[in-house]
Structures are given as C-alpha cells and as structure tokens.
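Values in this document were obtained by computation on a predicted structure and should not be read as measured data. Every chain is numbered from 1, with letters handed out A, B, ... down the list of sequences.
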Amino acid sequence: MCGRYAATANPEELAEEFDVEVLADGVSEVAGARFNIAPTDLVPAVVERERGDAVTRSLVPLRWGLVPSWAKAPTTTMINARVETVTEKPAFRKAAAARRCLLPALGYYEWRSEVRPESGPKAIKQPYFLAARDGLLAMAGLYEFWRGPDGWLASTTIITTTATDDLGWVHDRMPMSVPREAWDDWLDPALTDAAHAVTLLRPPALATPYPVSRAVSRVGNDGPQLIDPLPE
DNA sequence: CCAGACGTTGTT
DNA sequence: GTCTGG
DNA sequence: CCAGACGTTGTT
DNA sequence: GTCTGG
C-alpha cells in the first residue's frame with residue numbers, strides 16, 4: 001500500500017513537468033522538499049477542472065485521506081482505494097468518474113516487521129524506501145469535496161493494486177501510477193467512464209527497495225537523510 | 001418503507 | 001448521495 | 001502508514 | 001485493544 005511518501009519538486013518544477021497552467025492558493029506551502037508526507041497532510045496534486053467551457057489544469061493542495069461528501073466529520077481512514085473495486089464502492093465511484101488527479105512523488109515507504117540483531121528477540125518495524133526509477137512517480141489519485149462548518153475541504157486518496165512479484169517481499173500492495181502518455185486522459189473530466197479510466201493505470205517503475213532509518217516512523221521528522229540507505 | 005453503512009491495511 | 005439489510 | 005493516547009471517581 | 005493525530 002502507500003501510507004507515507006516523499007515528494008520534493010517545487011511548484012515551478014511541477015508546473016513545468018505536468019504542463020500546469022494555474023498554481024492554486026496555498027500550493028507553494030505544500031510543494032517542495034518533503035520526505036515524510038503522512039495522512040492528513042496537505043499534498044500537491046494535479047487536477048483539471050471545467051471553468052465555463054474551458055478546462056484548466058491546476059496544481060492544488062489536497063488533504064490526504066479522502067472524506068466523502070456525505071461524511072459527518074472528516075476521517076483519516078480512506079488514504080487508499082483498491083483499484084479492483086474503486087468504480088463500485090460508494091465512497092469512491094463518483095470521484096473515479098469525475099475527479100481523478102495525479103499525486104507527484106519521489107517514492108514511498110513501506111514497513112516490514114523484522115527481527116534484527118540489535119533489537120534482540122523482538123520484532124521491529126523496519127521502514128523501506130521505494131524510489132521511482134526515473135525520479136518521478138505520478139501516483140493515481142481521486143479527490144472529493146466535503147462541506148464542513150468552516151467551509152470546503154478537498155481531500156484525496158491513492159489508488160492501490162497488488163504488488164508485483166519483485167516487490168511482494170516488502171509488501172503485498174503498491175500504488176498505481178499513471179504513465180506520462182496517459183496523463184491527459186486520466187485528468188480529463190470529460191472522460192466519465194471510470195472503468196475505462198482505470199485501464200490507463202500501470203504498476204510504477206521502481207528501483208529496488210532498501211531499508212532506511214526508523215526516523216521516518218515519527219511523522220514530525222523530515223529531511224533528505226530519511227531516504228539515505230541504512231548503514232549495516 | 002426506514003436505518004445504517006459507506007474503507008483499507010495489517011495482524012492474529 | 002446512494003445502496004443494502006431488515 | 002506509525003506513534004501515542006486512552007479518564008473518572010473517589011479518596012491511602 | 002482501539003482510536004486519534006500527524
């Protein structure tokens with residue numbers, strides 16, 4: 001699955017890379033060097049919205065953890081959506097048909113329960129970093145709006161699938177990615193056939209996972225050292 | 001009809 | 001909002 | 001995802 | 001054990 005990730009590109013780099021026309025208010029505060037993005041954080045996302053008869057591609061901040069429009073209060077549980085069922089589940093299917101997004105990432109983390117020499121007989125949760133092979137992972141996301149007492153909340157979830165054989169030893173789920181040639185269709189709000197949209201998705205091209213410091217396990221920690229390979 | 005759920009993951 | 005279970 | 005909190009009454 | 005916060 002994907003429950004923690006790194007994204008380091010600044011707004012200008014993302015605008016260039018994804019052909020974004022508009023940088024939304026607040027997005028400069030959430031896009032930049034971040035190595036420990038956690039659920040409930042605001043994350044940079046690429047979306048397309050219709051304004052009049054024109055479609056505008058924007059970089060916007062979204063809260064990670066999708067809150068359905070009918071939710072009584074914001075929740076954190078829907079950080080992932082299974083690709084196998086995303087077009088059917090009431091919480092996701094409208095977003096799958098109308099509100100798809102891209103979540104740019106450098107890579108993401110997985111934890112494995114391991115017994116290590118220095119930890120004695122007890123298992124520890126060892127984090128691994130899974131880096132995009134070419135330095136940019138466009139994760140497939142959905143977003144949704146929720147109206148609370150203090151206004152609108154826009155939130156997002158990452159679509160997941162079964163891990164490929166080479167990654168299964170770390171974890172049995174992984175995020176779906178959107179290949180560059182499919183970005184336009186994936187984002188196009190006129191493409192309302194969700195079942196077709198998910199056929200655009202592919203497993204991400206990742207480097208070999210490697211263990212990193214457990215510092216990443218604390219959400220308050222950040223910095224490039226979090227993705228340094230763990231010394232022996 | 002109304003009431004209640006609506007999600008994923010990991011772990012045991 | 002919409003579907004499912006009762 | 002992981003880390004950290006989790007609570008009220010009556011009184012040793 | 002389970003929920004909340006980040």
### Query
Should D:dT8 form a Watson-Crick or G-U wobble pair with both distances under 3.5 Å, which nucleotide is its partner?
none

### Message
I'd like the C1' distance from B:dA5 over to E:dG6, given in whole Å.
### Response
27 Å

### Query
So, is A:K125 near the phosphate of D:dC2, with a side-chain N or O under 4.0 Å from OP1 or OP2?
yes

### Message
By the 4.0 Å heavy-atom rule, please label A:T160 as base, sugar-phosphate, or nothing.
### Response
sugar-phosphate

### Query
D:dA3 and B:dT12: how far apart are their P atoms, nearest whole angstrom?
15 Å

#### Entry: C1' atoms of E:dG5 and B:dG4, separation to the nearest Å
27 Å

### Query
Sub-3.5 Å donor-acceptor pair from the side chain of A:T157 to the main-chain atoms of A:I79, do we have one?
yes

### Message
What's A:W70 touching, base or sugar-phosphate or nothing? Going by heavy atoms closer than 4.0 Å.
### Response
base

Sequence neighbours excluded and cut-off under 3.5 Å, please list the side-chain donor-acceptor pairs for residues 182-191 of chain A, or say none.
unit_1	atom_1	unit_2	atom_2	d
A:W183	NE1	A:V178	O	2.8
A:D184	OD1	A:R57	NH2	2.8
A:W186	NE1	A:C101	O	2.9
A:D188	OD1	A:A190	N	2.9

### Task
Name the nucleic acid region contacted by A:D41, choosing base, sugar-phosphate or nothing; use a 4.0 angstrom heavy-atom cut-off, strictly under.
nothing

### Task
Starting from C1' on B:dT8, measure out to CZ on A:R4 and report it in whole angstrom.
16 Å

### Task
Considering only atom P, compute the distance from D:dT9 to E:dG1 and round it to an integer number of Å.
27 Å

### Message
Could you check whether A:W146 and A:S155, counting side-chain N and O atoms only, form a donor-acceptor pair closer than 3.5 Å?
### Response
no

### Query
According to the Watson-Crick and G-U wobble definitions, with both distances under 3.5 Å, which nucleotide is paired to C:dG5?
B:dC2

### Message
Counting only side-chain heavy atoms from C-beta out, which of B:dC6, D:dA3, E:dG6 sits nearest to A:R218?
### Response
D:dA3

### Query
Which is true for A:T85 with a 4.0 Å heavy-atom rule: it touches a base, it touches only sugar-phosphate, or it touches nothing?
sugar-phosphate

### Message
Without decimals, in angstroms, what is the distance between A:M174 CE and D:dC1 P?
### Response
17 Å

#### Entry: Between C:dG1 (P) and A:K72 (NZ): distance, integer Å
13 Å

### Query
Closer than 4.0 Å, any side-chain N/O of A:R173 to the OP1 or OP2 of D:dC1?
no

### Message
Below 30° counts as parallel, above 60° as perpendicular, anything between as tilted: where do the rings of A:F145 and A:Y143 land?
### Response
perpendicular

### Message
Mind checking if A:L66 touches a base, just sugar-phosphate, or nothing, with heavy atoms under 4.0 Å?
### Response
nothing

### Message
What's A:S217 touching, base or sugar-phosphate or nothing? Going by heavy atoms closer than 4.0 Å.
### Response
sugar-phosphate

### Query
Which part of the nucleic acid, if any, lies within contact of A:R93, taking any heavy atom under 4.0 Å across all strands shown: a base, the sugar-phosphate backbone alone, or nothing?
sugar-phosphate

### Query
Please give, in whole Å, the distance from B:dG7 C1' to A:L142 CG?
13 Å

Report, one line per pair, each donor and acceptor closer than 3.5 Å where one atom sits in a side chain of residues 133-140 of chain A; sequence neighbours left out.
unit_1	atom_1	unit_2	atom_2	d
A:R133	NE	A:L206	O	3.2
A:R133	NH2	A:L206	O	3.2
A:D134	OD1	A:L136	N	3.1

#### Entry: D:dG7 versus B:dC2 - spacing of their P atoms, nearest Å
37 Å

### Task
Write down the distance between CD1 (A:I159) and P (B:dT8), rounded to a whole number of angstrom.
11 Å

### Query
Reckon A:P39 touches a base, only the sugar-phosphate, or nothing at all at heavy-atom distances under 4.0 Å?
base

### Summary
Taking D:dC2, B:dT11, B:dC6 as options, the one with an atom nearest any side-chain atom of A:W111 is D:dC2

### Query
In whole angstrom, what separates A:E88's CD from B:dG7's P?
10 Å

### Query
Is a side-chain donor or acceptor of A:D41 paired with a backbone partner of A:V43 at a separation under 3.5 angstrom?
no

### Query
Roughly, in whole Å, what's the span from CD1 in A:I79 to P in E:dG6?
16 Å

### Task
Have a look at A:Y5 and say if it touches a base, only the backbone sugar-phosphate, or nothing, with a 4.0 Å heavy-atom cut-off.
nothing

#### Entry: Value in whole Å for how far the P atom of B:dG7 lies from CD of A:E84
14 Å

### Message
Tell me if a side-chain donor or acceptor on A:Q225 pairs with a main-chain N or O of A:D222 at a distance below 3.5 Å.
### Response
yes

